[in-house]
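So that the names make sense, note that chain A is the first sequence line, chain B the second, and so on, each numbered from 1. When reading the values below, keep in mind they use all heavy atoms of this one structure, side chains included, and skip hydrogens, waters and symmetry mates.
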There are 2 protein chains.
Amino acid sequence: MSKSPVSVVAVPSNPVSASEQKRLQMADIARLAGVSTSTVSRALNKSPLINEETRSRIEQLAKSLNYSINVGAQNLRLKQNRTVAVVVPFDSTSRQHLSDPFFLSILGSIADALTARGFDMLLTRVDAEELDAAAQIFHTGRAIGVILIGQWRHHDQLNQMAARRVPIVVWGAQIQQQLYVTVGSDNVAGGFLATEHLLLNQRRRIAFFGDTQLPEVADRFQGYQKALQQYQIPFDPTLVLPAVFTEEGGRAAVAELLARQTRFDGLFACSDLLAMTAISSFRERGLVTPQDIAVVGYDDIELARYFHPPLSTVRQPLVAAGEALVSAVLALAEGQVLPPVLLPTELVVRHSSVM
Amino acid sequence: MSKSPVSVVAVPSNPVSASEQKRLQMADIARLAGVSTSTVSRALNKSPLINEETRSRIEQLAKSLNYSINVGAQNLRLKQNRTVAVVVPFDSTSRQHLSDPFFLSILGSIADALTARGFDMLLTRVDAEELDAAAQIFHTGRAIGVILIGQWRHHDQLNQMAARRVPIVVWGAQIQQQLYVTVGSDNVAGGFLATEHLLLNQRRRIAFFGDTQLPEVADRFQGYQKALQQYQIPFDPTLVLPAVFTEEGGRAAVAELLARQTRFDGLFACSDLLAMTAISSFRERGLVTPQDIAVVGYDDIELARYFHPPLSTVRQPLVAAGEALVSAVLALAEGQVLPPVLLPTELVVRHSSVM
DNA sequence: GTGAAAGCGCTAACAG
DNA sequence: CTGTTAGCGCTTTCAC
């Protein structure tokens with residue numbers, strides 16, 4: 001035998017180890033147990049056909065050897081699949097990170113709902129301009145359906161996918177002539193609630209922060225207008241700012257609003273993140289919330305109550321959202337036809353809106 | 001699992017539609033193109049053997065029919081797999097949600113790193129007491145390796161998995177006699193930096209919030225003690241609170257600290273979430289930050305700069321973290337042997353710690 | 001350049 | 001109750 005070489009460099013680990021680490025398979029268990037693979041298969045799948053003694057013997061063996069049935073092969077054979085894809089589009093220009101806490105939370109709730117039903121979750125980030133990648137996940141059989149978080153502006157692409165029979169459900173607002181299924185909160189009601197609350201607290205010049213090109217925001221805006229109308233407050237377009245949902249959105253919107261030199265004493269921001277960055281900007285400029293500007297956000301993220309001042313906001317039902325999205329995509333995958341789902345929305349009053 | 005107040009009512013559609021929707025497969029394309037499946041396979045895989053004309057014809061056909069190769073079957077045949085599992089343990093007792101923004105962000109950075117390398121990400125939440133479920137994901141062949149976010153107290157279980165040759169990398173702190181690979185930030189340095197900063201700003205009675213049973217926190221605590229020692233400030237155990245990383249953690253710790261009637265003028269909280277809830281609690285009790293209590297958090301989540309006061313904190317390198325975790329798990333899956341990875345940590349001074 | 005045939009790891013008739 | 005056999009959708013020698 002060759003004697004081991006003395007070297008100072010790290011011992012190059014056995015490069016074969018990956019391949020030599022031959023994965024155990026059913027045939028191995030069968031041989032070791034002295035039965036056929038059919039028997040092992042049946043035993044491990046708890047078929048009632050198998051002798052109790054045989055079964056437990058095989059189970060023991062498998063467990064002690066750390067063997068588990070290969071799901072890939074099983075799925076192929078069974079033509080089944082218990083994986084759902086969750087797609088989070090990102091904006092290729094801003095390379096925006098998965099940053100809004102609300103989206104992250106909804107992701108958690110989907111994960112829970114999926115786990116509860118015994119499904120795996122494939123999480124994918126795709127370029128918002130290439131939503132077709134989401135369809136590929138389905139067409140390649142990696143998932144039986146997809147949940148898309150963030151409707152954004154991609155109505156047409158989504159419609160196309162649905163038309164091609166991709167089981168897809170999107171978190172967002174219901175739109176006319178929409179072929180795909182949406183699950184979302186009642187944004188019109190949410191917008192109304194927030195605005196009405198501000199109105200009821202004697203605010204008359206209420207700014208609106210949100211990109212109304214997004215369907216969800218458009219609905220909230222509609223609620224905003226409806227409230228103004230109902231309380232007979234004139235609508236002033238100079239109070240409307242197309243703030244994007246990024247961290248800088250609130251800051252930029254505040255700057256623009258102030259530059260417009262329009263008077264305002266209230267703000268309805270279409271996300272808590274937006275509300276928080278706005279409040280932070282106001283403060284830098286000597287404007288205090290709620291005294292000078294009463295603010296209501298949207299989402300009710302966890303940090304909202306620990307913010308200063310604690311943020312009044314419109315709560316979207318997180319757990320229900322996950323449940324509904326998962327139910328919907330599963331139903332769709334089974335070929336059912338579904339109506340859109342509208343979840344209730346709730347005003348949470350804290351201190352950013354009342355003195 | 002709470003049930004949602006809204007149920008998805010399915011219009012009972014044609015129940016056969018799911019099954020009759022026969023998925024296209026390679027044989028279909030072959031028949032339609034008048035070639036054999038071998039040819040289709042080669043064409044779609046861009047084999048140089050195929051006639052250019054034939055290839056493009058087949059590609060066209062496949063595209064127009066929305067056909068894509070079935071990855072499951074392909075993987076089986078090729079004995080390959082491009083999926084990595086990301087496991088987020090949850091505490092079964094508190095049923096704690098995936099709530100800390102930092103964990104969520106790291107998840108995003110992992111997703112990006114995986115996507116960049118052409119890997120799929122399987123996201124799974126598992127009961128912290130049943131970490132073995134993470135091993136199953138590997139043993140069943142659903143993923144070639146697993147990234148575990150949150151070392152918590154499960155050192156032993158993790159060691160067992162590693163001993164069984166499950167390619168697993170853990171986000172957390174390096175521990176003695178650890179068989180598994182960790183990637184984490186330099187927690188000792190982070191703790192030192194935060195504490196030193198407070199010390200340099202004339203704070204002498206610095207409270208520490210964090211569950212020192214967690215390896216990462218233990219390291220930060222070590223940094224805290226090191227700083228005190230270096231600046232010759234006596235260590236006082238009454239200033240140390242085992243705050244958990246939940247939203248209520250900060251609040252409870254503040255209550256307990258106040259109940260102890262010990263004097264303090266600074267706080268190093270082991271997460272931004274903890275710092276924020278603590279500041280919020282202080283405020284409720286008339287204590288203002290930074291005047292009365294200077295606070296430094298940990299993580300540098302996005303909202304930290306928009307908090308009031310903007311939060312001083314120790315930044316953990318998010319993007320690098322995702323990259324490192326992914327590189328590590330991929331290397332492990334190939335059978336390589338790796339050392340733990342320690343990422344640099346950086347103090348970000350804002351206003352919660354300086355007057 | 002293209003096709004026929006074998007087989008990836010598993011399950012399910014169909015026999016015994 | 002258990003084994004034999006065929007085949008899930010794909011890739012790849014091996015022939016032509």
Side-chain angles (χ1 to χ4, degrees), chain A residues 19 21-59 61-62 65-83 136-144, chain B residues 19 21-59 61-62 65-83 136-144:
Chain A
S19 31
Q21 171 82 348
K22 217 181 61 180
R23 302 281 278 255
L24 228 38
Q25 49 190 77
M26 207 172 258
D28 300 316
I29 305 293
R31 189 167 357 90
L32 263 33
V35 296
S36 73
T37 58
S38 330
T39 301
V40 175
S41 172
R42 289 194 266 250
L44 263 22
N45 285 305
K46 315 210 180 308
S47 155
L49 292 175
I50 290 293
N51 180 331
E52 182 50 39
E53 187 273 326
T54 315
R55 184 230 300 300
S56 76
R57 187 163 51 88
I58 293 177
E59 273 176 349
L61 189 61
L65 263 47
N66 249 299
Y67 168 79
S68 297
I69 292 177
N70 179 313
V71 220
Q74 188 179 48
N75 282 345
L76 180 59
R77 177 63 234 233
L78 261 29
K79 290 162 162 277
Q80 71 168 17
N81 186 344
R82 294 185 73 80
T83 303
Q136 286 313 309
I137 298 176
F138 169 71
H139 285 128
T140 57
R142 279 179 295 181
I144 58 166
Chain B
S19 31
Q21 171 82 348
K22 218 179 62 183
R23 301 282 279 254
L24 228 38
Q25 48 190 78
M26 208 172 257
D28 300 314
I29 305 293
R31 190 167 357 91
L32 263 32
V35 295
S36 73
T37 58
S38 324
T39 302
V40 175
S41 171
R42 288 195 267 249
L44 263 23
N45 285 307
K46 313 206 181 308
S47 156
L49 292 175
I50 290 294
N51 180 333
E52 182 49 40
E53 186 274 326
T54 315
R55 183 231 300 301
S56 75
R57 188 164 51 88
I58 292 177
E59 275 176 349
L61 188 61
L65 263 48
N66 249 300
Y67 169 79
S68 296
I69 293 176
N70 178 312
V71 207
Q74 188 179 46
N75 282 346
L76 179 59
R77 178 62 232 234
L78 261 29
K79 290 162 161 278
Q80 71 168 17
N81 186 343
R82 294 186 73 79
T83 304
Q136 286 313 309
I137 298 176
F138 169 72
H139 284 127
T140 56
R142 280 180 295 181
I144 58 167

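- Within residues 66-74 of chain A, no residue approaches DNA chain D, by heavy-atom distance under 4.0 Å.
- Among the protein residues, A:Leu49 comes within range of the nucleic acid bases, having at least one heavy atom under 4.0 Å from a base atom.
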For this session: Please step through side-chain contact (heavy atoms from CB on, under 4.5 Å) for the pair A:Asn66 and A:Leu24, ending with a clear verdict.
Result: CA-CA 9 Å; A:Asn66 249 299; A:Leu24 228 38; 6.0 Å; no
For this session: Give the C-alpha distance, both sets of side-chain angles, the deciding distance and a yes or no for side-chain contact (heavy atoms from CB on, under 4.5 Å) between B:Gln74 and B:Met26.
Result: CA-CA 11 Å; B:Gln74 188 179 46; B:Met26 208 172 257; over 6 Å; no
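- To the nearest 0.5 Å, atom CZ of residue A:Arg142 and atom CG of residue B:Asn70 are 10.5 Å apart.
- Put simply, the side chain of B:Thr39 never gets that close to the backbone of B:Val35: no donor and acceptor are under 3.5 Å apart.
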For this session: Apply side-chain contact (heavy atoms from CB on, under 4.5 Å) to the pair A:Tyr67 and A:Arg23, showing each step before the final yes or no.
Result: CA-CA 9 Å; A:Tyr67 168 79; A:Arg23 302 281 278 255; over 6 Å; no
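- Comparing the helix axis at one end of the helix from C:dG1-D:dC16 to C:dG16-D:dC1 with that at the other, each defined from 5 consecutive pairs, gives an inter-axis angle of 40° (nearest 10°).
- Considering CD1 of B:Ile29 and OG of B:Ser41, their distance stands at 12.5 Å, rounded to 0.5 Å.
- Here A:Thr54 pairs with nothing under the side-chain hydrogen bond (donor to acceptor under 3.5 Å, both in side chains) rule; sequence neighbours left out.
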For this session: In sequence, state the C-alpha distance, the side-chain angles, and the governing distance for A:Thr83 and A:Asn75, and then conclude on side-chain contact (heavy atoms from CB on, under 4.5 Å).
Result: CA-CA 11 Å; A:Thr83 303; A:Asn75 282 345; 5.8 Å; no
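- Boundaries of the chain A contact region on DNA chain D are D:dC1 to D:dG9, first to last in 5' to 3' order (nucleotide atom under 4.0 Å from a heavy atom).
- In this structure, A:Ser56 OG and A:Ile50 CD1 are separated by 11.5 Å, a value rounded to the nearest 0.5 Å.
- Looking at residues 76-83 of chain A, you'll see A:Arg77, A:Leu78 sit with a heavy atom under 4.0 Å from some atom of DNA chain C.
- Here the closest heavy-atom approach between residue A:Asn81 and residue A:Gly141 is recorded as ND2-O, 2.9 Å.
- In this structure, B:Lys46 and B:Arg55 approach most closely via the heavy-atom pair CA-NH1, 3.3 Å.
- Summarising the geometry, the separation between CD1 on B:Ile58 and P on C:dG1 is reported as 14 Å, rounded to the nearest angstrom.
- A:Leu76 CG to B:Arg77 CZ: the interatomic distance, rounded to the nearest 0.5 Å, is 12.5 Å.
- Taking a 4.0 Å limit (strictly below) on heavy-atom distances, residues 37-47 of chain B reaches DNA chain C at B:Ser38, B:Thr39, B:Arg42.
- B:Glu52 has no carboxylate O lying under 4.0 Å from a charged side-chain N of B:Arg57, or vice versa, which leaves the two without a salt bridge.
- With respect to B:Val40, the side-chain contact (heavy atoms from CB on, under 4.5 Å) criterion is satisfied by exactly one of B:Ile58, B:Asn45, B:Ile69, B:Asp28: B:Ile58.
- The distance from atom OG1 of A:Thr37 to atom CZ of A:Arg31, rounded to the nearest 0.5 Å, is 11.5 Å.
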